[in-house]
Colleague: 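One structure coming up, written as structure tokens, with questions to follow.
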2 protein chains.
Amino acid sequence: MKPETRKDEIIITAARLFKEKGYSAVTMRDIAKAMGIKAASLYNHINSKQEILSNIIITLAEEFTKGMKIIMNSNNNSIDDLKNIVDLHVKITTNNAFGMASLNNDWMHLEDKLEYYLELRKNYENNFRQIIELGIKNNELVSADTNLILFSVLSTLRSLYIWIPNKEDLQNTNLASNLSKVLLNGIIK
Amino acid sequence: MKPETRKDEIIITAARLFKEKGYSAVTMRDIAKAMGIKAASLYNHINSKQEILSNIIITLAEEFTKGMKIIMNSNNNSIDDLKNIVDLHVKITTNNAFGMASLNNDWMHLEDKLEYYLELRKNYENNFRQIIELGIKNNELVSADTNLILFSVLSTLRSLYIWIPNKEDLQNTNLASNLSKVLLNGIIK
DNA sequence: AAACATAACTAACAAACGTTAGTTTAAATA
DNA sequence: TATTTAAACTAACGTTTGTTAGTTATGTTT
């Protein structure tokens with residue numbers, strides 16, 4: 001996530017501040033100050049505070065959608081699908097941990113894009129659930145409650161943004177495979 | 001979490017709204033409206049908005065501290081300790097899922113009580129880590145990275161507040177034991 | 001009946017909010 | 001050199017924010 005345009009710089013700066021205090025607690029003056037300019041100057045590059053938020057969230061949500069589509073279209077078994085989902089979360093979160101905080105905590109402040117976001121999320125979860133159900137059906141996974149497995153795995157993956165920036169000792173090359181072991185060993189048959 | 005005093009009613013109402021939109025996005029007028037009164041009337045019962053937040057969060061944080069102390073003082077093996085921690089989270093979250101949202105997402109808006117909260121949280125995580133380390137040392141748990149196990153389990157437990165209110169199909173009597181299986185089977189030797 | 005307590009109210013405050021309008025500066029292009 | 005463009009600026013706007021002060025209504029206790 002390197003800034004290419006001035007608009008990108010604003011979005012990246014905002015995402016960093018949104019992670020620390022949440023969307024509602026960050027003012028346009030906060031964002032401007034972090035960039036060394038005045039709040040009004042931001043409006044040469046963006047149309048509204050809301051636009052910053054939806055840019056952060058929708059970009060990420062679409063990355064997940066795209067990644068999931070590739071996984072669903074592959075002909076792997078369920079366990080490899082799950083490992084690829086872990087990889088997907090680790091990769092996206094490593095590239096943009098700040099943005100992931102907004103995705104997790106500030107999606108309800110989306111206005112125009114709220115409905116679209118909720119649809120993307122619903123579809124993502126449904127695909128995830130489908131992979132788990134198929135794994136149970138094919139006897140690759142233990143037959144625990146599907147929603148409980150989904151909840152457990154997804155909760156951990158969604159919390160990655162909190163831990164990844166703080167832990168260089170968990171080097172990211174191995175993080176995904178180590179995480180897969182801890183997360184999936186309990187449900188693999 | 002039944003309201004006993006008018007102050008309790010305010011805190012419970014506020015917690016519900018805080019869960020939906022976050023502390024910063026909820027106004028005193030929002031809270032008042034939800035109770036059918038005017039914002040100024042709230043100040044007959046509480047001293048500030050901040051007081052509402054710290055009441056919600058510190059009460060819960062101290063419940064966790066108390067529960068952890070009991071677990072640490074028992075002479076159980078590590079696996080039973082972990083199961084008891086799962087129970088503790090399920091119990092507290094079931095009783096006050098709204099408040100748990102504030103604990104997870106709005107702790108950074110604590111002012112006077114921030115330092116105290118961070119200390120409670122640090123101690124809790126250290127105790128949790130200690131239990132895992134002892135389990136590995138005693139050959140009860142697989143020797144994966146301690147912090148990775150801690151992160152994985154704690155992420156799921158901290159996200160319970162999102163799922164518990166929506167899922168009556170996961171009946172709470174069995175939730176804790178089912179969750180223990182999914183969460184812990186992967187790390188138990 | 002008088003005094004008190006509880007819990008609401010109206011009205012207003014200063015500060016902070018997102019945003020707009022119009023202007024200036026400096027660098028790139030013609 | 002003249003023109004254009006990018007990106008900053010100052011000043012202000014109407015609104016919303018948390019909060020305070022003083023008042024009123026309704027029961028409860030003396």
Side-chain angles (χ1 to χ4, degrees), chain A residues 2-58 101-102 105-114, chain B residues 2-58 98-99 101-102 105-114:
Chain A
K2 297 168 211 143
E4 306 258 327
T5 66
R6 197 70 172 134
K7 181 172 176 175
D8 286 342
E9 282 184 61
I10 292 172
I11 290 168
I12 289 168
T13 302
R16 196 185 80 231
L17 299 180
F18 291 170
K19 190 197 170 190
E20 281 167 20
K21 307 199 298 174
Y23 174 74
S24 303
V26 174
T27 69
M28 295 302 278
R29 287 165 179 82
D30 289 335
I31 299 169
K33 195 166 214 171
M35 301 183 68
I37 61 177
K38 300 288 173 179
S41 305
L42 296 169
Y43 288 85
N44 288 317
H45 310 281
I46 52 103
N47 294 310
S48 64
K49 188 188 180 192
Q50 177 65 204
E51 190 195 41
I52 300 176
L53 182 70
S54 68
N55 190 305
I56 293 171
I57 294 180
I58 298 299
S102 298
N105 303 323
D106 286 319
W107 56 267
M108 70 287 283
H109 299 118
L110 289 173
E111 293 166 10
D112 296 351
K113 297 288 175 58
L114 176 58
Chain B
K2 299 168 213 142
E4 305 259 326
T5 67
R6 198 67 174 135
K7 181 172 177 175
D8 285 341
E9 283 185 59
I10 292 172
I11 291 168
I12 288 168
T13 302
R16 196 185 80 232
L17 299 180
F18 291 168
K19 189 198 171 191
E20 281 168 21
K21 307 201 297 173
Y23 174 73
S24 303
V26 174
T27 69
M28 296 302 279
R29 285 165 180 83
D30 289 336
I31 299 169
K33 194 164 213 172
M35 302 184 67
I37 61 176
K38 299 288 173 181
S41 305
L42 296 169
Y43 289 84
N44 288 317
H45 310 281
I46 50 103
N47 295 309
S48 65
K49 189 188 179 191
Q50 178 64 205
E51 190 196 42
I52 299 176
L53 182 68
S54 68
N55 189 307
I56 293 171
I57 294 181
I58 298 299
F98 296 143
S102 298
N105 303 323
D106 286 319
W107 56 266
M108 72 287 281
H109 299 117
L110 289 173
E111 293 166 9
D112 296 351
K113 296 286 176 59
L114 177 57

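Residue numbers start from 1 in every chain, and the chains themselves are labelled A, B, ... in the order their sequence lines are given, proteins ahead of strands. Every heavy atom of this structure was used, including side-chain atoms; hydrogens, water molecules and symmetry mates were not.
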Colleague: May I have the distance from A:Lys7 (atom NZ) to D:dA6 (atom P), rounded to whole angstrom?
Modeller: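 One finds 14 Å between P of D:dA6 and NZ of A:Lys7, rounded.
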Colleague: Testing B:Glu51, B:Gln50, B:Lys49 for side-chain hydrogen bond (donor to acceptor under 3.5 Å, both in side chains) with B:Asn47, which one passes?
Modeller: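 It is B:Glu51; the other options fail the test.
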Colleague: Checking only heavy atoms, does the side chain of A:Asn44 share a donor-acceptor pair with the base of D:dA8 at less than 3.5 Å?
Modeller: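 Per atom types, the contact qualifies.
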Colleague: Looking just at side-chain N and O atoms, do B:Thr27 and B:Asp30 make a donor-acceptor pair shorter than 3.5 Å?
Modeller: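 Yes, a side-chain donor-acceptor pair sits under 3.5 Å.
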Colleague: Given atom CD1 of A:Ile52 and atom C1' of C:dT19, what is their separation to the nearest angstrom?
Modeller: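 These atoms are roughly 12 Å apart.
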Colleague: Within this structure, what is the NZ-to-C1' distance between A:Lys49 and C:dA16, rounded to whole angstrom?
Modeller: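 Going from NZ in A:Lys49 over to C1' in C:dA16 covers 12 Å.
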Colleague: In Å and rounded to the nearest 0.5 Å, what is the OG1 to CG distance from A:Thr13 to A:Leu42?
Modeller: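 The distance works out to 9.0 Å.
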Colleague: Can you check the A:Asp30 CG to C:dG18 P distance for me, whole Å?
Modeller: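 The distance from CG of A:Asp30 to P of C:dG18 comes to 8 Å, rounded to the nearest Å.
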Colleague: Looking at residues 35-43 of chain B, who's got a heavy atom less than 4.0 Å off DNA chain C?
Modeller: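 Output list: B:Ile37, B:Lys38, B:Ala40, B:Ser41.
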Colleague: What is the distance from atom CG of A:Asp106 to atom NZ of A:Lys19, rounded to the nearest 0.5 Å?
Modeller: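 That separation rounds to 13.0 Å.
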Colleague: Does B:Arg6 reach a base, just sugar-phosphate, or nothing at all? Heavy atoms under 4.0 Å.
Modeller: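 Sugar-phosphate contact only - B:Arg6 comes under 4.0 Å of backbone atoms but never of a base.
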Colleague: Let me know the distance between NZ of A:Lys21 and P of C:dA16, rounded to the nearest Å.
Modeller: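 Distance check: A:Lys21 NZ to C:dA16 P gives 12 Å.
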Colleague: When rounded to the nearest 0.5 angstrom, what is the spacing between CD in A:Glu111 and OG in A:Ser48?
Modeller: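 Here the interatomic distance stands at 8.0 Å.
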Colleague: Between A:His45 and D:dA8, is there a contact of a side-chain N or O with OP1 or OP2 at under 4.0 Å?
Modeller: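 Answer yes for this pair, as a side-chain N or O of A:His45 is under 4.0 Å from OP1 or OP2.
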Colleague: Quickly work out the B:Ile10 CD1 to C:dA7 C1' distance and round it to whole Å.
Modeller: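 In whole Å, C:dA7 C1' lies 10 Å from B:Ile10 CD1.
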Colleague: Whole angstroms only, please: what is the CD-P distance between A:Gln50 and C:dG18?
Modeller: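 Atom CD in A:Gln50 sits about 12 Å away from atom P in C:dG18.
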Colleague: Test B:His45 against every option in B:Ile52, B:Ile11, B:Ile10 by the side chain to side chain contact (heavy atoms under 4.5 Å, CB included) rule and name the one that passes.
Modeller: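 Of all the options given, the one that passes is B:Ile10.
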Colleague: What integer distance in Å separates A:Ile46:CD1 from D:dA7:P?
Modeller: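 It works out to 14 Å between those atoms.
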Colleague: Atom NZ in A:Lys21, atom OG in B:Ser24: separation rounded to 0.5 Å?
Modeller: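 Rounded to the nearest 0.5 Å, the NZ-OG separation comes out at 8.0 Å.
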